[in-house]
Undergrad: 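Have a look at this one before I ask anything.
Keep in mind the model is a prediction, meaning the values are calculated, not measured.
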Amino acid sequence: QVQLVESGGGLVQPGGSLRLSCAASGRTFDAYNMAWFRQAPGKERDFVTFISSNGRITRSADFVKGRFTISRDNARNTVYLQMNSLKPEDTAIYYCAAKAAYYSGSDWRAYDYWGQGTQVTVSS
C-alpha cells in the first residue's frame, strides 16, 4: 500500500510555471507506475501524464505535450510535474495516482491509490 500527498499548487498568471510534487510513503515506491490526472469543476477527471516505475517510459496527453514534463526520483519517493506555459484552461485540481501493475492508459479507474489533490489556478 502507498499513501500519496501532492503539493506545489497555487495561483499563477497565464504563461507562468509551476512544479507539482507527489510524495509517497512506503518502501516500494519504485515498484509503482505513476500518473497525474486533473479535474476541473463540473468535468470528468482527465489523464495528464504517466511515468513507468523505473522512469524510462512516459506518456502525455496531447493537450500538454511540449508544456508539461513528468519525472520521478525513486530515492526521494517523489514524482514531479513541471508545468510551463500555463493557460487558463489548465485550471483544475491535480491528482497523482499510483498503480503497481504496468498501465499507461488514460482511464483513471484503473489506478489503485490517489492523493488528495492540489489546486492549480491560472488567471491574470
Side-chain angles (χ1 to χ4, degrees):
Q1 189 169 356
V2 62
Q3 293 183 327
L4 306 173
V5 179
E6 301 97 333
S7 61
L11 173 65
V12 63
Q13 292 186 342
S17 298
L18 281 175
R19 188 175 82 154
L20 306 183
S21 299
C22 174
S25 64
R27 299 181 179 180
T28 59
F29 175 71
D30 59 1
Y32 288 88
N33 300 279
M34 303 295 296
W36 287 94
F37 288 77
R38 70 185 189 186
Q39 188 166 18
K43 296 188 177 181
E44 292 190 355
R45 189 166 297 190
D46 289 332
F47 169 78
V48 176
T49 186
F50 158 89
I51 189 166
S52 62
S53 58
N54 60 12
R56 293 176 181 174
I57 300 171
T58 63
R59 188 176 79 85
S60 297
D62 287 343
F63 59 79
V64 301
K65 285 182 179 178
R67 299 190 300 127
F68 293 8
T69 303
I70 190 171
S71 62
R72 66 189 295 161
D73 184 343
N74 284 347
R76 297 179 181 271
N77 282 11
T78 303
V79 63
Y80 303 98
L81 180 64
Q82 178 66 44
M83 304 187 295
N84 299 326
S85 302
L86 283 161
K87 306 175 182 179
E89 51 264 43
D90 293 319
T91 295
I93 299 174
Y94 283 70
Y95 299 90
C96 70
K99 185 173 178 64
Y102 183 83
Y103 174 76
S104 63
S106 58
D107 188 351
W108 63 268
R109 300 168 187 84
Y111 283 81
D112 303 314
Y113 303 102
W114 291 86
Q116 83 289 348
T118 185
Q119 176 71 48
V120 171
T121 303
V122 185
S123 175
S124 55

Undergrad: How about T78 and D73: does a side-chain donor come under 3.5 Å of a side-chain acceptor?
TA: no

Undergrad: If every non-hydrogen atom of C22 is compared with every non-hydrogen atom of L4, which pair is closest and at what distance?
TA: SG-CB, 3.9 Å

Undergrad: Could you tell me if the side chain of F50 sits less than 4.5 Å from the side chain of I57, heavy atoms only?
TA: yes

Undergrad: Are D90 and R38 within salt-bridge range, i.e. N to O under 4.0 Å?
TA: yes

Undergrad: How close do A98 and Y32 get, counting heavy atoms only, and between which atoms?
TA: CB-CD2, 4.0 Å

Undergrad: With the 4.5 Å side-chain cut-off for hydrophobic clustering, are F63 and M83 part of the same group?
TA: yes

Undergrad: Does the T121 side chain pair with the main chain of L11, one donor and one acceptor, at a distance under 3.5 Å?
TA: no

Undergrad: May I ask whether Y102 and F29 are part of the same hydrophobic cluster, defined by side-chain heavy atoms of I, L, V, M, F, W, Y residues being less than 4.5 angstrom apart, directly or through others?
TA: no

Undergrad: Determine whether W36 and W114 fall in the same hydrophobic cluster, where Ile, Leu, Val, Met, Phe, Trp and Tyr are linked whenever their side-chain heavy atoms lie under 4.5 Å apart.
TA: no

Undergrad: If you group Ile, Leu, Val, Met, Phe, Trp and Tyr by side-chain heavy-atom gaps below 4.5 Å, do M34 and F68 land in one group?
TA: yes

Undergrad: Donor-acceptor check, side chain of K99 to backbone of A110, threshold 3.5 angstrom: yes or no?
TA: yes

Undergrad: Is it possible for you to check whether R72 lies under 6.0 Å from the centre of the six-membered ring of Y80, through NZ or CZ, and within 45° of that ring's axis?
TA: no

Undergrad: Can you see which heavy atom on P14 is nearest to which on S123, and at what distance?
TA: CD-C, 3.6 Å

Undergrad: Can you confirm whether or not the ring centre of F37 sits under 6.0 Å from the ring centre of Y95?
TA: no

Undergrad: Are side-chain heavy atoms of L81 and Y94 found at a separation under 4.5 Å?
TA: yes

Undergrad: Filter on side-chain hydrogen bond (donor to acceptor under 3.5 Å, both in side chains), then keep only pairs touching residues 43-55, sequence neighbours left out; what's left?
TA: Q39-R45, T49-S60, S52-N54

Undergrad: Determine yes or no for a side-chain-to-main-chain donor-acceptor pair under 3.5 angstrom, with E6 supplying the side chain and C96 the backbone.
TA: yes

Undergrad: So do Q119 and T91 actually touch side chain to side chain, heavy atoms under 4.5 Å?
TA: yes

Undergrad: Is there a donor-acceptor pair closer than 3.5 Å between any side-chain N or O of S25 and the backbone N or O of Q3?
TA: yes

Undergrad: Taking the side chain as everything from C-beta on, heavy atoms only, tell me whether V2 gets closer than 4.5 Å to T28.
TA: no

Undergrad: Using modelled atom types only, decide if a donor and an acceptor are shared between the side chain of N33 and the backbone of A101 within a distance under 3.5 Å.
TA: yes

Undergrad: Which atoms form the tightest heavy-atom contact between A92 and A40, and what is the distance?
TA: CB-N, 3.9 Å

Undergrad: What's the shortest heavy-atom distance between N84 and S17, and which atoms?
TA: OD1-OG, 2.9 Å

Undergrad: Hydrophobic clusters here meaning ILVMFWY residues chained together by side-chain heavy-atom distances under 4.5 Å, can you tell me if I70 and Y113 are in one?
TA: yes

Undergrad: Within the distance-only criterion (no hydrogens, no angle test), does the side chain of R59 pair as donor or acceptor with the backbone N or O of S104 below 3.5 angstrom?
TA: yes

